[in-house]
Amino acid sequence: MTTTPPAAPLKKSFARRMARVVGVLILAPYLALVGIVTIAQRALIYHPKRDMTLNVRPTQILGGVIEPISFKAADGVEIHGWQVSADKSSTLRDGTANPKTGKPVVLYFCGNAGHRGYRIDEFALLLDAESDAVCFDYRGYGDNLGSPSEETLASDARKIWDFLVDERRVEPRSIVICGESLGGGVATRLAAELCAGNTPPAGLVLRSTFSRLTDAAAIHFPWLPVRWLLVDRFSSVERMPQVTCPILILHGLRDTIVPYELGRKLFDAAPEKSASGAAKRFVDLPNSDHNDVLEADGALVKKALRELIRSIRERD
């Protein structure tokens, strides 16, 4: 007598095999994609533009003078930048900081794309707010050699500070550290380290920046484990409580690159008041996305900067 095997076990076995096949077909490409992103992550973060003529033929700026400046980083790489001043009498020469004007100097850290030549409008606004500006491009940007990373940017930022204070003899209490977008991560770390070392800057200004780079990446790539993968994290929200200088944060309500709530999260982590008693300040930019701030809300930005610069000059 012939016995027919039950159909149910066969169906279950087939279903398990199909589940494994489908799992492999889905998982293998996903893991491959994760591997590619892991390897290429810095190419996704940093978007430099090269221009080896930036210090050879500096851009002209309406109402100001651009002076090419350079210094050697800790590992010997030469880092190039500009000082932007209202006139030649206020440039940092011969070891004297702004001998005639006494203007604060804004140390400006750029976002993740382009180079300093793309920030002419920002520099013009800082001049209009009655300050000078100093901006060095990151490694691999503009006319600088090398490759950017969070640690090299942090090291170079500290050397830039030392260059201004030790070689150009700018008083720390006259330097405002400013960062836009990714530059906010560089600026916050530098300000926190300086405050912890009892040499605080005159102030910290952040525009369109994030609490952590991982927070922004998780919003744009929710299907990737970016909180595990990212090497360069720029964890500003952990460093912000150590910032004891006056703090000004500006953020666009329509920002689609670094959502508004990340700027608020960073602001909430800051001390309520600076060591000198100045209350932290957050300015909403109601019409701004991420890259159109000066066009959409330039008047608000200018007003906030003017008020901060005026308070610094009155204090001195």
State plainly whether the residues [X] and [Y] are in salt-bridge range, i.e. N to O under 4.0 Å.
X      : Y      : result
Lys303 : Glu307 : yes
Lys280 : Glu272 : yes
Asp143 : Arg50  : no
Glu151 : Arg189 : yes
Arg254 : Asp289 : no
Arg207 : Glu122 : yes
Asp75  : Arg139 : yes

Got [X] and [Y] here, is their nearest side-chain heavy-atom distance under 4.5 Å?
X      : Y      : value
Leu190 : Leu107 : yes
Leu308 : Val176 : yes
Leu206 : Leu266 : yes
Val231 : Gln41  : yes
Arg233 : Leu213 : no
Thr209 : Glu180 : no
Thr188 : Val237 : no
Arg313 : Pro104 : yes

Check whether any side-chain N or O of [X] sits under 3.5 Å from a backbone N or O of [Y] as a donor-acceptor pair, and report yes or no.
X      : Y      : value
His115 : Asp51  : no
Arg306 : Asp128 : yes
Ser274 : Ala278 : yes

Let me confirm one number: the [atom1]-[atom2] distance from [X] to [Y], rounded to the nearest 0.5 Å.
X      : Y      : atom1 : atom2 : answer
Leu194 : Gln242 : CG    : CD    : 12.5 Å
Ile309 : Leu126 : CD1   : CG    : 7.5 Å
Ser235 : Glu150 : OG    : CD    : 6.5 Å
Glu67  : Ser85  : CD    : OG    : 7.0 Å
Leu253 : Glu261 : CG    : CD    : 10.5 Å
Leu294 : Asp121 : CG    : CG    : 6.0 Å

Within one Ile-Leu-Val-Met-Phe-Trp-Tyr cluster: Tyr118 and Ile120, side-chain cutoff 4.5 Å: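 No, Tyr118 and Ile120 fall in different hydrophobic clusters.
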Hydrophobic cluster identity match, Trp223 and Leu44, side-chain contacts under 4.5 Å: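 Cluster IDs for Trp223 and Leu44 match.
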Asp255 vs Val258, side chain to side chain contact (heavy atoms under 4.5 Å, CB included): CA-CA, chis, key distance, verdict: CA-CA 6 Å; Asp255 198 323; Val258 179; 4.1 Å; yes
Within the 6.0 Å centroid threshold, strictly below: Phe136 and Phe163: yes
Specify the closest pair of heavy atoms between [X] and [Y], including all atoms of both residues, with the distance to one decimal.
X      : Y      : result
Gly142 : Asp137 : CA-OD2, 4.0 Å
Val293 : Ser208 : CG2-OG, 3.8 Å
Gly298 : Leu125 : O-CD1, 4.1 Å
Ala86  : Leu127 : N-CD2, 3.7 Å
Lys265 : Ser211 : CD-OG, 3.7 Å
Pro271 : Pro241 : CG-O, 3.6 Å

Candidates Tyr260, Phe210, Phe267 - the one meeting side-chain contact (heavy atoms from CB on, under 4.5 Å) with His251: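 For His251, the side-chain contact (heavy atoms from CB on, under 4.5 Å) check succeeds only for Tyr260.
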Can a side-chain donor-acceptor contact be found between [Y] and [X] if the only test is distance below 3.5 angstrom?
X      : Y      : value
Asp297 : Asn287 : yes
Asn112 : Tyr138 : no
Thr152 : Ser149 : yes
Ser181 : His290 : yes
Trp82  : Asn55  : yes

Verdict with reasoning, Asp232 to Tyr46, per side chain to side chain contact (heavy atoms under 4.5 Å, CB included): CA-CA 11 Å; Asp232 295 349; Tyr46 305 103; 2.7 Å; yes
Greater than 12 external heavy atoms within 6.0 Å of Lys302's NZ: no
Geometric cation-pi criterion, Lys49 with Tyr141: 6.0 Å, 45°: no
Quiz item: cation-pi between Arg119 and Tyr108, 6.0 Å / 45°: no
Steps toward side chain to side chain contact (heavy atoms under 4.5 Å, CB included) verdict (Trp161, Ile177): CA-CA 10 Å; Trp161 176 269; Ile177 300 175; 4.1 Å; yes
Verdict with reasoning, Arg173 to Ile312, per side chain to side chain contact (heavy atoms under 4.5 Å, CB included): CA-CA 8 Å; Arg173 59 186 283 118; Ile312 293 170; over 6 Å; no
